[in-house]
Amino acid sequence: MERLVIEGGQPLSGSIRVHGSKNAALPILAAVTMADGEVVIKNVPNLDDVLVMLDILRSLGARVSYYKGELVVDPRTISTTDVPEHLMRLMRSSIFMMGPLLTRFGSVRVSKPGGCSIGSRPIDFHLKGLAALGAEIDERHGFIECTTTRLKGTSVFLDFPSVGATENVMMAAVLADGETVIGNAAREPEIRDLAAFLNTLGAKISGAGEDTIVISGVSSLKGGEFSVSPDRVVAGTLLIAAAITGGQVQLENVKANDLTAVIMKLRECGVQVIGTRDILEARRIGSLKAVERIQTAPFPGFPTDLQAPFMSLLTLAHGTSVISETVFEDRFQHVSELQRMGALIKVDLRTAFVKGVRELTGAAVQATDLRAGAALVLAGLAAQGSTIIDRVYHIDRGYETLEVQLRNLGAHIERVRPGKAQGDVSVSQAT
Ligand code: EPZ
């Protein structure tokens, strides 16, 4: 299994372009199936989760070509709406196929997505929304089969502003008969991207990015071209990398307005963050200060996806910081791995108390999920000595060759491929 090996202590410096957003691209790739023409999508990030979604499109019969971030899909050759179980199990986000396939073809069959290490992640809000639009839903033997003659617009009020449920219901409503109003909708920037993409194809969606979205059903969607927005979670991770290493990094191609909550907390830590609409620069000025409280919340609150990376920063901040994870029930898997590196963290249910230490020490650690893996990379960049991170495949789901991005900013980080004897990789700190 591949590992990342990091020699810590190197301040990062330089500038980097942020790649396209995973969480915008995945629902957009599902929505492509609704078009009655060829679709071109640019700035599609080269990530394992995206490659799985492309395999799903091919398995349904669509013609797919993907080269250097540009994707060309002809969905007119789709011949089945039965999503292969082995692909469903590879990635939860394949649940996004339900709304588009159901509303375009009148049927969809998926296997129930498993939970993951950050929580059970049920899909009850998705199913409730599709049922409200008139879907017949049959759940048995671990599969979910939905059918309809034609979905009918209605009012859907989400129990929680779920990103995925908002996206699934919005996509299903695009080709439904009549108007749909989604109340208590998620407001994440990825929802805006998806709506902008669908409107490019001829959909009639208004209010995306607000808590009420109105969709007027249309009879069909044409082909078109779209470019995916930059990944705000990758951008936030790189800002934190600059801060934790005491460096200075400039990000190009970012949407600063999508990172307000994170920028405010970085400034509270004593990190200088300056920028314009699409450029951001982070620079550590002096020592880091603890923040009184971080509470994750739906957008525009502090993003749960940057909770783990930010915790790594706070392990080196003077004082004690309190982090509450309110979105997922089990998103502190990175804590025990950070403790192996010398972090002082206590967890009480969904709150972590992080007492800053003078330094972290390199260790052999394991990524448990995508953002926990990113947090360990950040800690390794700051730690004294070398850190070995196992199960790098978690990180590859959401970051395009993160080690290359960081090496370009001066980090001493290598990807070690399988076959290297354990002894070949020295860990200067005994673990
Ligand atoms: C999206 O997941 C993102 N994934 C997640 O990013 C992100 O953490 C999350 O939104 C919150 O911002 C993609 O966009 C592909 P939710 P999603 O539905 O849609 C519960 C990453 O690291 N819930 O907003 O699954 C759920 O269990 C990933 O890039 C239900 O109970 O998130 C969770 O506690 C991780 N029933 C809460 O709502 C449902 O039907 C928020 O989930 C749906 C969700």
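As the structure lists them, so they are numbered: ligands from 1, and atoms in each ligand from 1. Heavy atoms only: backbone and side chains are in, while hydrogens, waters and symmetry mates are out.
Closest protein heavy atom to atom 33 (C) of ligand 1: Val327 O, 3.4 Å. Distance from atom 36 (N) of ligand 1 to its nearest protein heavy atom, with residue and atom name: Asp124 OD1, 2.6 Å. The shortest contact between atom 18 (O) of ligand 1 and any protein heavy atom is with Ser162 OG, 2.7 Å. Closest to atom 39 (C) of ligand 1 among all protein heavy atoms lies Pro122 O, 3.1 Å. Remark: minimum distance from atom 30 (C) of ligand 1 to any protein heavy atom is reached at Phe125 CE1, 3.4 Å. Among protein heavy atoms, atom 24 (O) of ligand 1 sits closest to Val163 N, 2.9 Å. Residue, atom and distance of the protein heavy atom nearest to atom 26 (C) of ligand 1 are Phe328 CE2, 4.2 Å. At the top of the distance list for atom 5 (C) of ligand 1, counting protein heavy atoms only, stands Asp305 OD2, 3.9 Å.
Side-chain contact annotation: Asn408 with Gln405, donor-acceptor N/O pair under 3.5 Å absent. Side-chain contact annotation: Glu329 with Ser120, donor-acceptor N/O pair under 3.5 Å present.
If you check each of Ala372, Gly164, Ser120 against atom 19 (O) of ligand 1, the one with the closest non-hydrogen atom is Gly164.
Taking the side chain as every heavy atom from C-beta outward, Met311 and His334 approach each other to under 4.5 Å.
For ligand 1 and Ile123, the ligand atoms under 4.0 Å from any heavy atom of the residue are 39 (C), 40 (O). Short contacts between ligand 1 and Lys22, defined as distances under 4.0 Å to a heavy atom of the residue, involve ligand atoms 21 (C), 29 (O).
Ligand 1 has at least one atom lying under 4.0 Å from a heavy atom of Ser93. For Gly398, the closest heavy-atom approach to ligand 1 does not fall below 4.0 Å. Look at Arg331 and you'll find a heavy atom under 4.0 Å from some atom of ligand 1.
A salt bridge links Arg407 with Glu414; the closest basic N to acidic carboxylate O contact falls under 4.0 Å. Comment: Arg397 engages Asp49 in a salt bridge, judged by a side-chain N to carboxylate O separation of less than 4.0 angstrom. A salt bridge is absent between Asp330 and Arg350; no separation between the charged side-chain nitrogens and carboxylate oxygens falls under 4.0 Å. Ion pair Glu70/Lys42 flagged as a salt bridge, since at least one NZ, NE, NH1 or NH2 atom sits closer than 4.0 Å to an Asp/Glu carboxylate oxygen. A salt bridge does not link Asp396 to Arg391: none of the charged nitrogens lies less than 4.0 Å from a carboxylate oxygen. Comment: Asp82 engages Arg109 in a salt bridge, judged by a side-chain N to carboxylate O separation of less than 4.0 angstrom.
If you look at Glu190 next to ligand 1, there are no close heavy atoms at all, none under 4.0 Å. Under 4.0 angstrom from ligand 1, the non-hydrogen atoms of Arg121 come from both its backbone and its side chain. Counting heavy atoms closer than 4.0 Å to ligand 1, residue Phe299 contributes nothing at all.
Note: Phe302 and Phe310 have perpendicular aromatic rings, judged against thresholds of 30 and 60 degrees for the angle between ring planes.
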*asked:* Please evaluate residues Arg140 and Asp138 with respect to the criterion salt bridge (Lys or Arg N to Asp or Glu O under 4.0 Å), reporting the C-alpha separation (whole Å), side-chain torsions for both, the decisive distance (0.1 Å), and the verdict.
replied: CA-CA 7 Å; Arg140 63 176 110 185; Asp138 181 20; 2.8 Å; yes
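For a threshold of 3.5 Å applied to N or O pairs, the pair formed by Asn23 and ligand 1 contains at least one separation below that value.
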